[in-house]
Amino acid sequence: MKKPIAIAILSILLLAVSCSQSKEDAAVVSPPVVYASLQEMLPFKFGESVNPNRLRNNTVYSGIAAKECNSITPENAMKFNSLHPAENSYTWTDADYIVNFAQTNGAKRIHGHTLVWFQALPDWVKNNTGDAQVFENIMKTHIQTVVAHFKGKVTSWDVVNEAFNDDGSLRDNIWKQKLGDDYIARAFQYAYEADPNALLFYNDYGQEYAPAKRTAIANMVANLKSRGIRIDGIGLQFHLILSQSETNISNAINWAASTGLLVHISELDISLNKDKAQNFSPTQDLLEQQAAKYGYVVKTYNTAVPKAQKFGITTWNVGDADSWIPSYQGAPDAPLPFDVNYNRKPAYYAIIDAVK
Ligand code: XIL
């Protein structure tokens with residue numbers, strides 16, 4: 001073969017090889033779908049409620065919380081009986097531990113839960129025979145002391161939790177009995193005075209299936225606003241069951257957005273064990289249905305709530321081993337985006353895919 005022909009053939013061969021290589025390279029470098037972490041992938045804050053002992057003793061748990069979320073709610077450590085077990089004594093250790101964890105793991109936002117609730121009360125309050133004056137002082141002192149202790153560290157508070165029944169009536173709890181119907185307004189006012197920079201939320205469950213409760217909350221918000229009493233946000237707990245309808249979910253989110261306040265999906269979990277079977281373990285099919293529902297919640301929140309009102313979405317604890325649902329319903333379940341070994345479930349990926 002003559003030299004120039006050989007060179008020409010060689011060049012053509014080389015060109016062909018380099019073309020096919022660049023095609024392959026292009027396939028390799030096309031961006032893979034990366035699920036870095038929930039906090040990095042979502043366009044709003046992602047939160048988890050946490051338990052101080054698990055943070056202390058389980059490094060997988062604390063590692064997931066550190067990596068995945070940028071907002072933290074203490075699950076129980078800031079409740080009345082945790083912080084204020086006796087009239088003249090406060091115990092800050094666990095709550096301070098959580099605050100320190102949040103601050104030292106990427107300056108996570110801390111959402112305080114909760115100042116005034118009818119549950120998680122210590123005996124000295126539950127069994128207290130004092131009159132309105134005594135209870136006013138209990139509520140006021142508790143709010144002032146707790147909010148002042150965390151001032152500058154806790155961004156926001158669930159000031160009042162679960163004050164309404166599903167039919168919209170005011171829950172007949174110890175606060176209403178002792179202080180009258182207007183205790184909610186005073187709780188918000190005391191919290192505002194203790195930290196004017198804190199964002200103040202009303203938090204409740206059932207807003208997805210109880211329209212009368214939504215109306216009662218809207219009326220309460222309007223009442224506070226008309227009196228110049230500060231309220232900044234609504235917490236939709238969203239302890240959902242798998243069969244909860246998309247219409248109910250979107251009605252609650254749209255309604256909360258329509259108040260003009262911040263909207264926090266504050267305690268999200270989706271339970272799967274509807275029959276409360278004692279030998280329950282989630283099938284792949286159930287996990288995928290759960291993923292679709294998580295995706296629906298996140299997509300609806302992301303599209304229906306204006307950016308300035310998006311406070312974020314918080315799941316109620318980290319993984320299925322940490323959930324309150326099994327003890328609450330007396331049967332196993334798998335309601336969270338991480339499984340019992342802290343592996344990502346289909347729900348995890350659906351949450352991220354929902355905002356793409
Ligand atoms: C639950 C906790 O998850 C449990 O560990 C505790 O035993 C009871 O309270 N609504 C709320 C939360 O506002 O504070 C509740 O948390 C769940 C329902």
Side-chain angles (χ1 to χ4, degrees), residues 47-58 61 65 69 71-85 91 94-95 97-98 110-123 125-126 142-143 146 150 154 156-166 171 173-175 184 187 191 200-210 213-214 217 233-241 244 252 256 263-271 273 297 311-338 340:
E48 287 168 339
S49 80
V50 295
N51 168 310
N53 287 332
R54 284 173 202 245
L55 284 181
R56 289 185 183 104
N57 302 327
N58 184 337
Y61 177 89
C69 68
S71 180
I72 288 278
T73 304
E75 183 181 18
N76 293 305
M78 288 187 185
K79 289 175 180 170
F80 202 125
N81 59 358
S82 301
L83 291 180
H84 197 174
T91 44
D94 281 354
Y97 186 89
I98 294 173
I110 302 157
H111 178 70
H113 174 83
T114 173
L115 297 168
V116 179
W117 190 26
F118 70 101
Q119 294 206 54
L121 292 173
D123 286 346
V125 175
K126 273 194 289 196
H142 180 77
I143 293 173
V146 171
F150 296 108
V154 164
S156 47
W157 285 100
D158 287 331
V159 178
V160 177
N161 196 32
E162 302 181 351
F164 293 99
N165 295 308
D166 290 351
R171 190 186 290 276
N173 65 23
I174 191 168
W175 302 111
I184 298 177
L200 306 180
F201 282 74
Y202 176 80
N203 190 53
D204 213 330
Y205 66 86
Q207 292 160 93
E208 65 281 10
Y209 57 76
K213 188 181 256 187
R214 296 200 290 264
I217 296 168
I234 299 289
L236 305 170
Q237 290 186 7
F238 272 22
H239 294 292
L240 302 178
I241 49 173
Q244 191 54 259
V263 181
H264 186 198
I265 295 184
S266 56
E267 306 185 11
L268 180 61
D269 47 32
I270 304 180
S271 76
N273 185 4
V297 170
F311 190 72
I313 296 185
T314 296
T315 59
W316 207 235
N317 224 311
V318 177
D320 287 338
D322 316 308
S323 171
W324 73 302
I325 295 286
S327 66
Y328 175 70
Q329 72 182 5
D333 213 309
L336 288 165
F338 295 88
V340 286

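Counting convention: from 1, in listed order, for ligands and their atoms alike.
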N53-Y61 side chain donor-acceptor pair, cut-off 3.5 Å: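 No, Y61 and N53 have no side-chain donor paired with an acceptor closer than 3.5 Å.
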
Modelled atom types, side-chain donor and acceptor of N203 and E267, under 3.5 Å: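 Note: N203 and E267 side chains meet the donor-acceptor criterion.
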
[atom] - nearest protein heavy atom and its distance:
{"atom": "atom 5 (O) of ligand 1", "value": "N76 ND2, 3.0 Å"}
{"atom": "atom 15 (C) of ligand 1", "value": "K79 NZ, 3.8 Å"}
{"atom": "atom 11 (C) of ligand 1", "value": "E267 OE1, 3.0 Å"}

Criterion side chain to side chain donor-acceptor pair (under 3.5 Å) on T314 and H264, from CA distance to verdict: CA-CA 8 Å; T314 296; H264 186 198; 2.7 Å; yes

Min heavy-atom dist Q119 to ligand 1 below 4.0 Å: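 No, Q119 has no heavy atoms under 4.0 Å from ligand 1.
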
Contact with ligand 1 for Y328, non-hydrogen, under 4.0 angstrom: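 Checking ligand 1 against Y328, which is what was asked, there is no heavy-atom contact under 4.0 Å.
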
Pair Y328 + H239: ring centers closer than 6.0 Å: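 Ring-ring flag for Y328/H239: false, centres at least 6.0 Å apart.
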
Any N or O of E75 closer than 3.5 Å to N or O of ligand 1: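 For ligand 1, there is an N or O atom that lies under 3.5 Å from one belonging to E75.
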
Heteroatom distance test (N161, ligand 1): nitrogen or oxygen, under 3.5 angstrom: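 Right, the criterion is met.
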
Residue that, paired with N161, satisfies side-chain hydrogen bond (donor to acceptor under 3.5 Å, both in side chains) out of Q237, Q119, K79: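 That would be Q237.
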
Going by the atom numbers of ligand 1, which of them fall below 4.0 Å from some non-hydrogen atom of [X]?
{"X": "Q237", "result": "10 (N), 11 (C), 13 (O), 18 (C)"}
{"X": "E162", "result": "10 (N), 11 (C), 13 (O), 18 (C)"}
{"X": "H239", "result": "17 (C), 18 (C)"}

Proximity of N317 to ligand 1 by residue part, where a heavy atom lies under 4.0 Å: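 None of N317 does.
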
W117 contact mode with ligand 1 (heavy-atom cut-off under 4.0 Å):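 The answer is the side chain of W117.
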
Closest non-hydrogen atom pair between [X] and [Y], with its separation:
{"X": "P85", "Y": "P122", "answer": "O-CB, 3.8 Å"}
{"X": "V160", "Y": "I184", "answer": "CG2-CG2, 4.1 Å"}
{"X": "M78", "Y": "G112", "answer": "SD-CA, 3.8 Å"}

